[in-house]
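One structure is given here, and the rest of the page talks about it.
Lettering follows sequence order; numbering is per chain, from 1.
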Amino acid sequence: MKLRVRFAPSPTGHLHIGGARTALFNYLLARKYGGTFVLRIEDTDELRSDEKSVKSIFSSLKWLGLDWDEGAMPDGTEIGSCGPYIQSKREEMGIYRKYADQLIREGKAYHCYCTPQELEKMKKKAQLEKKSLKYDGRCRRLTKSQIEEFKKEGRKPVVRFKMPQEGKTVFEDLIHKTVSFENRLLYDCVIIKASGYPTYNFACVIDDCLMKITHVMRGDDHISNTPLQVNIYRALGFDVPRFAHLSMILGPDGKRLSKRHGSTSVEEYRRRGFLPLALRNYLALLGFSTSDSQQLFKEKELEEKFCLEGCQKNPAVFDEIKLRWMNGEYIRMLSREKLFSMSLPFLEKKGLKVQKNERNIEIVALQQEKYKLLEDVPYLVEFFYRDVEYASDAVEKVLKKPRARAILESIQKVYREMKDFTEKEIEAKTREFARSNNYKTAEIFHPVRVSVSGRTQGPTLFKMLELLGREETVRRISIARRLLESA
RNA sequence: GGCCCCAUCGUCUAGCGGCCUAGGACGCCGCCCUCUCAAGGCGGAGAUCACGGGUUCGAAUCCCGUUGGGGCCGCCA
């Protein structure tokens with residue numbers, strides 16, 4: 001049987017890091033074994049689901065390069081023969097209702113007329129008596145007259161699934177091995193809400209079955225849902241799929257990753273200049289590793305090396321420092337042209353309108369090894385395009401050195417008289433100047449650097465001057481000299 | 001509180017009974033390279049394998065317990 005996996009987000013916000021990791025692992029598993037990766041939208045929460053989130057999730061998945069073979073597509077169409085792939089549409093078709101009715105007919109489910117307030121009271125009471133908080137199943141055996149009474153009151157019932165009350169529900173998890181639950185601790189969960197919508201646990205089972213999903217890979221916060229679902233599969237006479245529960249991703253404080261830990265949506269990482277392949281690589285290493293603990297994976301290499309055996313049971317702390325390192329690695333692997341085009345939006349955001357030409361490509365590439373994020377690019381290149389802002393520490397520590405004034409005056413003259421203002425020539429002339437005047441090279445290099453860039457750190461000096469051009473170099477040295485005179 | 005899951009350097013992890021005086025990666029420190037900053041190269045610190053019992057000739061690896069952390073306990077998914 002061909003492997004089929006799915007990613008089934010609920011559209012209640014942007015794609016979260018944890019969701020992205022789940023999607024990635026499903027994608028990798030499908031690619032590795034030549035299976036099918038299905039995308040299903042679980043929008044059965046009528047209040048919180050919205051179209052905007054669907055769009056955002058699509059765009060994040062697409063950005064990460066996690067293409068799906070089947071399911072809802074960004075243009076509103078659907079691919080595949082198991083559709084619709086959006087649960088609200090499936091609900092409209094009465095798919096869930098049909099199976100719920102079947103269960104009721106077979107005596108495996110029943111109507112429950114308890115109101116939320118009554119359930120709340122029940123829970124409070126149980127709490128006081130230190131009993132289990134689960135629903136007590138009181139509506140399992142309602143008399144005809146009781147039902148009439150409720151109907152007269154206008155109560156809208158939910159449908160509850162009759163959970164077995166003895167024995168154990170056991171399943172083999174591909175990552176956790178055998179997981180077992182006592183049935184008497186399970187409870188009759190709601191499968192159809194009063195609104196007529198299915199609950200997650202029900203819709204999920206129906207759809208995974210109808211969509212012929214063979215492997216359900218998801219976060220291990222779903223482990224406790226699994227016995228419920230297994231029993232629903234069985235009651236319906238469905239085959240139970242294989243489960244693989246992935247460990248959680250935690251924040252630095254060891255708590256489940258959430259907004260208060262900083263950026264948590266893929267969208268934010270994109271905005272900050274992380275590269276999709278870098279994020280993908282990093283995410284893959286949260287809960288997966290090869291036997292040689294490989295860190296960096298080339299394109300397609302993850303698809304080849306991914307396997308369930310390499311998946312981790314224990315939770316992983318999300319380490320942005322390591323992600324940044326990895327992002328730097330990926331930025332360094334970019335071609336100059338690619339680096340430039342990817343940097344453009346970030347330059348524009350900072351008000352730098354930069355044409356695509358050889359000079360500008362070179363300017364951006366000049367400090368390629370320094371960027372950790374694309375967001376770093378504008379700051380590191382801005383002085384090429386804007387008036388220099390002299391950093392105070394640079395002025396104090398370098399420009400105000402006793403001999404700097406005289407040196408700047410002389411070297412400016414040298415530059416002014418040069419014919420070919422090229423990297424090689426500038427270096428030759430500058431070194432020659434140092435030698436004949438008995439200066440240490442550093443005495444010249446540093447003030448020149450600060451003069452043209454305003455900073456003590458920057459690209460390699462002579463290339464920087466060449467790119468700035470003779471005019472601009474000379475002009476900036478003048479500005480620096482004037483600054484010193486007025487100081 | 002009940003149930004479930006988990007437990008190797010600060011972090012991600014290798015390890016699946018002897019090769020482990022525990023390997024790699026990030027981060028940290030030092031040195032080298034060098035026009036600065038990076039990048040790169042080399043080296044270092046960093047884990048009594050949570051703790052306690054077993055099993056075994058032998059345990060980070062298997063079993064039990066304890067502790068700690070996390071998850072779930074919704075007409076949310």
Checklist entry - Given B/C4, B/C37, B/A25, which nucleotide is nearest the side-chain atoms of A/V179? => result B/C4
Next on the checklist: Taking the P atom in each of B/C33 and B/C42, what is the distance between them to the nearest angstrom?
Outcome noted: 15 Å
Checklist entry - Hey, do the aromatic rings of A/F25 and A/F306 have their centres closer than 6.0 Å? => result yes
Checklist outcome for this item: pair_partner(B/C3), Watson-Crick or wobble, both distances < 3.5 Å, evaluates to B/G71
Checklist entry - Considering only the C1' atoms, how many Å lie between B/C51 and B/G69, rounded to the nearest integer? => result 15 Å
Next on the checklist: Exactly one of A/S49, A/S10, A/S88 should register a side chain to side chain donor-acceptor pair (under 3.5 Å) with A/D43. Which one does?
Outcome noted: A/S88
Checklist entry - Roughly how far apart, to the nearest Å, are B/G24 and B/U8 at atom C1'? => result 13 Å
Checklist entry - Which class fits the ring pair A/Y415 and A/F421: parallel under 30°, tilted 30 to 60°, perpendicular over 60°? => result perpendicular
Checklist entry - Out of B/A77, B/U11, B/G24, which nucleotide sits closest to the side chain of A/S10? => result B/A77
Next on the checklist: Under 4.0 Å from OP1 or OP2 of B/A14: is there any side-chain N or O of A/Q312 that close?
Outcome noted: yes
Next on the checklist: What is the distance, to the nearest angstrom, from the CE atom on A/M326 to the C1' atom on B/U13?
Outcome noted: 12 Å
Checklist entry - Counting N and O atoms only, with roles assigned by atom type, does the side chain of A/Y233 sit under 3.5 Å from a partner on the main chain of A/P241, one being a donor and the other an acceptor? => result no
Checklist entry - What is the distance from OH of A/Y197 to C1' of B/A77, rounded to the nearest Å? => result 14 Å
Checklist entry - B/C26 and B/G41: how far apart are their P atoms, nearest whole angstrom? => result 10 Å
Next on the checklist: What is the distance, to the nearest angstrom, from the CG atom on A/D292 to the P atom on B/A22?
Outcome noted: 20 Å
Item to check | Nearest listed nucleotide, side chain of A/R332, among B/G40, B/C75, B/A7 | outcome: B/G40
Checklist entry - Mind checking whether A/N231 and A/P164 have side chains closer than 4.5 Å, heavy atoms only? => result yes
Next on the checklist: Check the orientation of A/Y113 and A/H111. Use parallel for under 30°, tilted for 30 to 60°, and perpendicular for over 60°.
Outcome noted: tilted
Checklist entry - In whole angstroms, how far is the P atom of B/C16 from the NZ atom of A/K313? => result 15 Å
Item to check | Selected nucleotide, minimal atom distance to A/E369 side chain, candidates B/C35, B/A38, B/A77 | outcome: B/A38
Checklist entry - Taking the C1' atom of each, how far is B/G53 from B/A45, in whole Å? => result 34 Å
Item to check | Nearest listed nucleotide, side chain of A/D319, among B/A14, B/U36, B/G10 | outcome: B/G10
Checklist entry - Considering Watson-Crick and G-U wobble pairs with both distances under 3.5 Å, what does B/C51 pair with? => result B/G65
Checklist entry - Is the shortest side-chain N/O distance from A/K123 to OP1 or OP2 of B/G74 below 4.0 Å? => result yes
Checklist entry - Looking at the side chain of A/T199, which of B/C6, B/A77, B/U13 is the nearest nucleotide? => result B/A77
Checklist entry - Which of the following nucleotides, B/G74, B/U36, B/C76, is nearest to the side chain of A/E46? => result B/C76
Next on the checklist: Less than 6.0 angstrom from the centroid, inside 45 degrees of the normal: does A/R160 satisfy that with respect to the ring of A/Y135?
Outcome noted: yes
Checklist entry - Considering only heavy atoms from C-beta outward, does the side chain of A/L399 approach that of A/L408 to under 4.5 Å? => result yes
Next on the checklist: Under 4.0 Å from OP1 or OP2 of B/G74: is there any side-chain N or O of A/K193 that close?
Outcome noted: no
Checklist entry - If the C1' atom of B/U67 is compared with that of B/G27, how far apart are they to the nearest Å? => result 29 Å
Checklist entry - OP1 or OP2 of B/A14 less than 4.0 angstrom from a side-chain nitrogen or oxygen of A/S289, does that happen here? => result yes
Checklist entry - Between B/U36, B/C5, B/C12, which nucleotide has the shortest distance from any of its atoms to the side chain of A/H446? => result B/U36
Checklist entry - Given that both distances must come in under 3.5 Å, which nucleotide forms a Watson-Crick or G-U wobble pair with B/C19? => result none
Checklist entry - Can you tell me if the side-chain N/O atoms of A/T456 get under 4.0 Å from OP1 or OP2 in B/C37? => result no
Next on the checklist: Applying the Watson-Crick and G-U wobble criteria at under 3.5 Å, what pairs with B/A25? Answer none if nothing qualifies.
Outcome noted: B/U11
Item to check | Options B/C5, B/C73, B/U36, nucleotide nearest the side-chain atoms of A/R449 | outcome: B/U36
Write down the protein N/O and nucleotide N/O pairs, taken from nucleotides 68-72 of chain B, whose separation is under 3.5 Å; answer none if there are no such pairs.
| from | atom 1 | to | atom 2 | distance (Å) |
| --- | --- | --- | --- | --- |
| B/G70 | OP1 | A/K255 | NZ | 2.2 |
| B/G71 | O3' | A/R256 | NH1 | 3.1 |
| B/C72 | OP1 | A/R256 | NH1 | 2.7 |
| B/C72 | O4' | A/S224 | OG | 3.2 |
| B/C72 | O2' | A/S224 | OG | 3.2 |

Next on the checklist: Quick check on B/A39: is either OP1 or OP2 less than 4.0 Å from any side-chain nitrogen or oxygen of A/K372?
Outcome noted: yes
Polar atom pairs (N or O), protein with nucleotides 62-67 of chain B, under 3.5 Å:
none

Checklist outcome for this item: Taking B/G40, B/C3, B/C4 as options, the one with an atom nearest any side-chain atom of A/L185 is B/C3
Checklist entry - Between the base of B/C75 and the side chain of A/S195, is there any donor-acceptor pair under 3.5 Å? => result no
Checklist entry - Contact class for A/T430 (heavy atom, under 4.0 Å): base, sugar-phosphate, or nothing? => result nothing
Checklist entry - Is there a Watson-Crick or G-U wobble partner for B/C35 with both distances under 3.5 Å, and if so, which one is it? => result none
